[in-house]
S.K.: 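Take this structure first; my questions come after.
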Amino acid sequence: MASWSQWVQGARPRTLPAALAPVAAGTGAAIWQLETVHWPTLLLRAGLALLVAVSLQVGVNYANDYSDGIRGTDDERVGPFRLTGSRAAAPAAVKRAAIGALALGALAGIVLIILARLWWALPVGVAAVAAAWFYTGGKRPYGYLGLGELFVFVFFGLVAVNGTAYALTGSFTWVALLCSIAIGLLAVAIMLTNNLRDIPTDRESGKITLAVRLGDRGTRWAFSAAVLLPFALMVPVMVVQWPVLLVLPALPLALLPARVALSGAEGRSLIPVLGAAGRLELVFSLLLLAGLVL
C-alpha cells in the first residue's frame, strides 16, 4: 500500500503551477478590466476557478499514472515517481484517485457556472474533464499521438485564463487573450520537459509524443521558445499597463532552463529543468497578477 508521501509524489506537485498560473493571470486581467471590484464575489469565483484547475491537474496526473502504468509505458522510467509503474499502489486505487480528483473539479466548475451564469461554459467544462482522462486513457489516447501539448495549451492556457477572466467580468478582452497565450506556452514548456526526458522510453513503448515527432534537438528548441516567447507577448500589455514590466525579473528563470535544455542534458539531468519550468510559470503569473492589479 502506497504511503501518503507517495500519493503526494504521484500527484506530481511540480506540475501544479500549470493550474495556479492561469487563474492568477485571469484574475489579474479581470481586475485590470473592472472599474469597481466587488472583492467577496471576485475571491469566491477565483477560488472556485482555482479549485477546478488544481483538481483537473491532479486528476490528469493520476489518470496518466494509471493509464501509462497498465500499458507498461512507465516500467523503465527515469523521471519522477509513479504509483502504478512502481507497483506502490494498485491500478484500481490510482484510477479511483483520478476519478475522484476529476469529479471534484467538475463539481467546483458546476458551482462556478451557476454563480456566474456561464451556461455556455458547461460543454467546455465537459470537454476539459474528458481531455484530462483521454490524454493517456482510452483506446486511442491523444497523448500518444503527439497532441498533448496542443490540449495543454488550449485548456491550461486559452480556456483557463479567459474562462477565469470571463467568470469575473462577463466579457473577453485582448489583454486576457495575450495572457492566456503566454501562460499556455509556459504550461507547454512543462510538458515538453517531461517528454524530452522520456523520448527513448516513449519511442520504445510506441508513445508518439510531440517530442518524439520533433526529435531531441527540435524539442529542445521548442522548449526554449515556449519559455521565452511569453515575455515578448507581454510587450503590448506593458504599453497600456506599465507595471506589467514586473514580469521582466522572471526572465533569468527562463534563460537558465533553456540553457540547460540546449546544452544537451539528458535523463535525470532534465528533472531539475521540470522544476525550473514550473517555478517560472508560477513566478511569471504572480508577477503578471501584481502588474495588472497595480
Side-chain angles (χ1 to χ4, degrees), residues 16-57 105-128 153-187 229-251 253 280-294:
L16 289 183
L20 302 173
V23 178
T27 301
I31 294 174
W32 172 81
Q33 180 186 352
L34 292 170
E35 294 183 3
T36 303
V37 178
H38 186 257
W39 288 103
T41 299
L42 183 140
L43 292 175
L44 173 60
R45 294 183 183 182
L48 286 169
L50 181 59
L51 180 56
V52 171
V54 171
S55 297
L56 292 185
Q57 182 66 58
L107 178 61
I110 291 171
V111 174
L112 180 58
I113 287 171
I114 293 173
L115 291 178
R117 299 181 183 277
L118 301 176
W119 310 115
W120 57 266
L122 189 58
V124 176
V126 172
F153 178 76
V154 170
F155 287 104
F156 283 94
L158 301 182
V159 171
V161 176
N162 289 295
T164 298
Y166 193 96
L168 300 179
T169 65
S171 62
F172 294 107
T173 65
W174 66 270
V175 169
L177 178 60
L178 285 181
C179 291
S180 71
I181 296 172
I183 295 299
L185 286 172
L186 293 173
L229 281 176
F231 293 91
L233 287 168
M234 290 300 98
V235 172
V237 184
M238 294 172 188
V239 172
V240 298
Q241 178 73 1
W242 68 263
V244 173
L245 286 164
L246 281 172
V247 301
L248 293 181
L251 185 56
L253 298 180
L280 168 63
E281 184 174 11
L282 181 59
V283 172
F284 181 94
S285 65
L286 293 178
L287 291 176
L288 177 58
L289 170 61
L292 289 168
V293 170
L294 292 176

S.K.: Of all the heavy-atom pairs spanning L56 and A128, show the shortest one and how long it is.
M.R.: CD1-CB, 4.1 Å
S.K.: Hey, what do you get for OG1 (T169) to CD1 (I31), rounding to the nearest 0.5 Å?
M.R.: 11.0 Å
S.K.: Which heavy atom in Q241 sits nearest to a heavy atom in G291, and how many Å separate them?
M.R.: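 Residues Q241 and G291, closest heavy atoms: NE2-O, 3.0 Å.
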S.K.: Hey, what's the ring geometry for W32 with W174, parallel, tilted or perpendicular (30° and 60° as the breaks)?
M.R.: perpendicular
S.K.: With Q33 as reference, evaluate T173, L292, V175 under the side-chain contact (heavy atoms from CB on, under 4.5 Å) test and give the passing residue.
M.R.: T173
S.K.: In the structure I gave you, are the side-chain heavy atoms of L185 and L233 within less than 4.5 Å of one another anywhere?
M.R.: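 Answer yes - side chains close enough.
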S.K.: Going by atom type alone, with no hydrogens or angles, which donor-acceptor pairs under 3.5 Å involve a side-chain atom of residues 243-251 and a protein atom two or more places apart or on another chain?
M.R.:
none

S.K.: More than 12 foreign heavy atoms under 6.0 Å from CH2 of W242: is that the case here?
M.R.: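 For W242, atom CH2 is not crowded (no more than 12 foreign heavy atoms under 6.0 Å).
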S.K.: Rounded at 0.5 Å granularity, tell me how far CD1 in I110 sits from CG in L115.
M.R.: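 One gets 12.0 Å once the value is rounded to the nearest 0.5 Å.
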S.K.: Begin with the C-alpha distance, continue with both residues' side-chain angles, and end with the deciding distance and a verdict on side-chain contact (heavy atoms from CB on, under 4.5 Å) for V111 and L51.
M.R.: CA-CA 11 Å; V111 174; L51 180 56; over 6 Å; no
S.K.: I need the I181 CD1 to L186 CG distance, nearest 0.5 Å.
M.R.: 12.0 Å
S.K.: Working to the nearest 0.5 Å, report the span between CG of L43 and CG of L50.
M.R.: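 Reported value, rounded in 0.5 Å steps: 11.5 Å.
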S.K.: Looking at every heavy atom in both S285 and I183, which two are closest together, and how far apart are they?
M.R.: CB-CD1, 4.0 Å
S.K.: Rounded to the nearest 0.5 Å, how far does CZ of R45 lie from CG of L118?
M.R.: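 Between L118 CG and R45 CZ, I get 7.5 Å after rounding to 0.5 Å.
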S.K.: Starting from the C-alpha separation in whole Å, work towards a yes-or-no answer on side-chain contact (heavy atoms from CB on, under 4.5 Å) for F156 and V161.
M.R.: CA-CA 7 Å; F156 283 94; V161 176; over 6 Å; no
S.K.: Could you list the residues that satisfy side-chain contact (heavy atoms from CB on, under 4.5 Å) with L107, not counting sequence neighbours?
M.R.: none
S.K.: Can you name the nearest heavy-atom pair linking E281 to A18, along with the distance?
M.R.: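 Closest heavy-atom pair between E281 and A18: OE1-CA, 3.4 Å.
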S.K.: Taking all non-hydrogen atoms of both residues, which atom of A176 and which atom of A165 are closest, and how far apart?
M.R.: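 Closest heavy-atom pair between A176 and A165: CB-CB, 4.1 Å.
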S.K.: Might you point out which heavy atoms bring L282 and P17 nearest each other, and give the distance in Å?
M.R.: CB-CB, 3.9 Å
